[in-house]
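Everything below concerns the one structure shown next.
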Amino acid sequence: MTAKRAIGRHDSISDKIRRHRGLLLVISIPIVLITLVIVLMPGTSDYALKGGSDSKKYAVIFDAGSSGSRVHVYCFDSNLDLVPLENELELFLQLKPGLSAYPNDPRQSANSLVTLLDKAEDSVPSELRPKTPVRVGATAGLRALGHEASENILQAVRELLKDRSRLKTEANAVTVLDGTQEGSYQWVTINYLLKTLGKPYSDTVGVVDLGGGSVQMAYAISEEEAKTAPKPLQGEDSYVREMYLKGRKYFLYVHSYLHYGLLAARAEILKVSEGSNNPCIVTGYDGTYKYGGTAFKAAASPSGASVDECRKVALKALKVNDSVCTHMKCTFGGVWNGGGGGGQKNMFVASFFFDRAAEAGFVDPSQPVATVRPADFEKAASQACNMKIGEGKTKFPRVEEDNLPYLCLDLVYQYTLLVDGFGLKPSQTITLVKKVKYGEHAVEAAWPLGSAIEAVSSL
Ligand SMILES: O=c1[nH]cnc2c1ncn2[C@@H]1O[C@H](COP(=O)(O)OP(=O)(O)O)[C@@H](O)[C@H]1O
Ligand SMILES: [Ca+2]
């Protein structure tokens, strides 16, 4: 009896299954069906299979530059590596002019971002939009407009984001970036893409970013050098930023020079000759240059343009020798040079440096990077300064017509900025950069990626 009961108990589970198999089938069919639907449903399947939507983080960053507005959408995995959206590693769209082109109409200024906003938002999966940070960083254009006008525009942009998008706007998401923020984000972008973050400071690369309104230089320095940094004057940004990235502390020397972006520097160079002829203007041209609401006389001298004469004017505009250097060593305008060192030995030079070099014909515009020397800018300048305006279209077919009168000026300025301003040797090799290869893809070498990394790191 005991043995029989034991056997009976032993058999009872399979007996029960057999007895209730009809009922079990009825219960299991809907479970199997529901599981199938979840796994196969488009859109949600990805997240269901990869352990929830938390594993992917998107960020939408607007670059409200002085000469145009751009939007970048990035997607990161849980290791903070970039993963492709569609076929590319970022969505990148741009338009002209920038927000500062509408100084008296904040609403119209903000509305100029609508098409970029709509397309950016469309590229983020619907269920992730409320979790996806959106930032708008304005640079030199709004900096130069002054506080009230720029604040009105930013307020209109905040309202646009609130009314039109479901993306997450954190406090301070819509701001004018200060120059050191812009420069340090640019440094993070390039070093992130080169995978040098986390390595000793002397293995990182330095960056120069020549925008339309301002130019930034940033490179990592040693802790000892950082301690010797001069204190900023009142109202000025400090020279050194401390940053923790990939488990390492960096001391980043960074400085932004407002009014020394390429388009702003043209105005500074024309101001030196104050209403008379200027040796930087291409031979035979007589016109006006407009920048930031002011018109400057831009007329070639009767003897024509000259590299040597133009360099003298550029040095004056940069105040290389005219300003007092109270620090150990200065770049220009009395600004500390950061002391140099390992973090500055490889320089990645972006924006207008790449563009003008490509237009002048000494780098290939279809490649993301090019290795050149500052002397290449001087060589191209000699050709541009020796031509007549009528020869421009045939000698420099890639240069836009509006830029031709200023080609000698632009190239001389770029050479002077690198060599006399930043103290690079004319023969030093530098990397001109438009995009940086990251795995199979190439990503824009611009500050918004650095901002996106900061935004998703704090999520
Ligand atoms: O995302 C980018 N990818 C490539 N080039 C860029 C990007 N953002 C800016 N640039 C370059 O910078 C130039 C103008 O800079 P911008 O308008 O940003 O001035 P700013 O930085 O002084 O405000 C553009 O003509 C372009 O060459
Ligand atoms: Ca810029």
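Just so you know, ligand 1 is whichever comes first in the structure, and atom 1 is the first atom listed for that ligand. All residue numbers refer to positions in the sequence shown, counting from 1. What you see below is based on every heavy atom in this structure, not just the backbone, and it leaves out hydrogens, waters and symmetry mates.
Here the heavy atom of the protein found nearest to atom 23 (O) of ligand 1 is Thr139 OG1, 2.6 Å. Scanning the protein heavy atoms around atom 26 (C) of ligand 1, the nearest turns out to be Asp355 OD2, 3.4 Å. Ranking the protein heavy atoms by distance from atom 17 (O) of ligand 1 puts Ser67 OG, 2.6 Å first. Looking only at protein heavy atoms, the nearest one to atom 5 (N) of ligand 1 is Lys434 NZ, 3.3 Å. Among protein heavy atoms, atom 7 (C) of ligand 1 sits closest to Arg70 CD, 4.1 Å. Of all protein heavy atoms, the one closest to atom 13 (C) of ligand 1 is Phe352 CE1, 3.7 Å. Shortest contact from atom 4 (C) of ligand 1 to any protein heavy atom: Glu444 OE1, 3.1 Å. Of the protein's heavy atoms, Ser351 OG, 3.8 Å lies nearest to atom 10 (N) of ligand 1.
A donor and an acceptor atom, one from each side chain of Ser273 and Asn278, are located under 3.5 Å apart.
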Start with the C-alpha gap between Asp322 and Lys316, add the side-chain angles, then the distance that decides, and say whether salt bridge (charged side-chain N to carboxylate O under 4.0 Å, His left out) holds. CA-CA 7 Å; Asp322 304 1; Lys316 268 198 191 148; over 6 Å; no
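Between atom 22 (O) of ligand 1 and the options Gly213, Ser100, Pro97, the minimum heavy-atom separation is to Gly213.
Heavy-atom neighbours of Lys168 NZ from other residues, nucleotides or ligands within 6.0 Å: above the threshold of 12. Within a 6.0 Å radius of CG in Asn79, other residues, nucleotides and ligands contribute more than 12 heavy atoms.
Applying the side chain to side chain donor-acceptor pair (under 3.5 Å) test to residues at least two apart or on different chains, the pairs with a partner in residues 328-354 are Asp209-Ser351, Tyr257-Thr331.
Heavy-atom proximity to Asp63, at under 4.0 Å, picks out these atoms of ligand 1: 8 (N). Near Ala446, the atoms of ligand 1 lying under 4.0 angstrom from a non-hydrogen atom of the residue are 1 (O), 2 (C). Interface of Gly65 with ligand 1, defined as ligand atoms under 4.0 Å from a residue heavy atom, comprises 17 (O), 18 (O), 23 (O). Less than 4.0 angstrom separates some heavy atom of Ala140 from each of these atoms of ligand 1: 22 (O), 23 (O). Per-residue contacts place Gly211 under 4.0 angstrom from the following atoms of ligand 1 (heavy atoms of the residue considered): 15 (O), 19 (O), 20 (P), 21 (O), 22 (O). Near His72, the atoms of ligand 1 lying under 4.0 angstrom from a non-hydrogen atom of the residue are 1 (O).
At least one heavy atom of Phe92 sits closer than 4.0 Å to an atom of ligand 1. Gly261 does not count as a contact of ligand 1, since none of its heavy atoms falls under 4.0 Å from the ligand. Within the 4.0 Å heavy-atom cutoff, Glu182 counts among the residues contacting ligand 1.
Less than 2.5 angstrom separates the SG atom of Cys330 from that of Cys325.
Remark: Lys195 qualifies as a cation-pi partner of Tyr438 under the 6.0 Å distance and 45° angle criteria applied to the six-membered ring.
Residues Phe377 and Phe362 bring their aromatic ring centres within 6.0 Å. Aromatic rings from Tyr253 and His255 are positioned such that their centres are separated by 6.0 Å or more. Aromatic ring centres of Tyr289 and Tyr406: separated by under 6.0 Å.
Using a 4.5 Å cut-off on side-chain heavy atoms (C-beta onward), Tyr185 and Leu177 make contact.
At least one N or O atom of Gly212 sits closer than 3.5 Å to an N or O atom of ligand 1.
For the ring-ring contact (aromatic ring centres under 6.0 Å, His included) with Tyr250, the qualifying choice from Tyr244, Trp187, Tyr201 is Trp187, the only one to do so.
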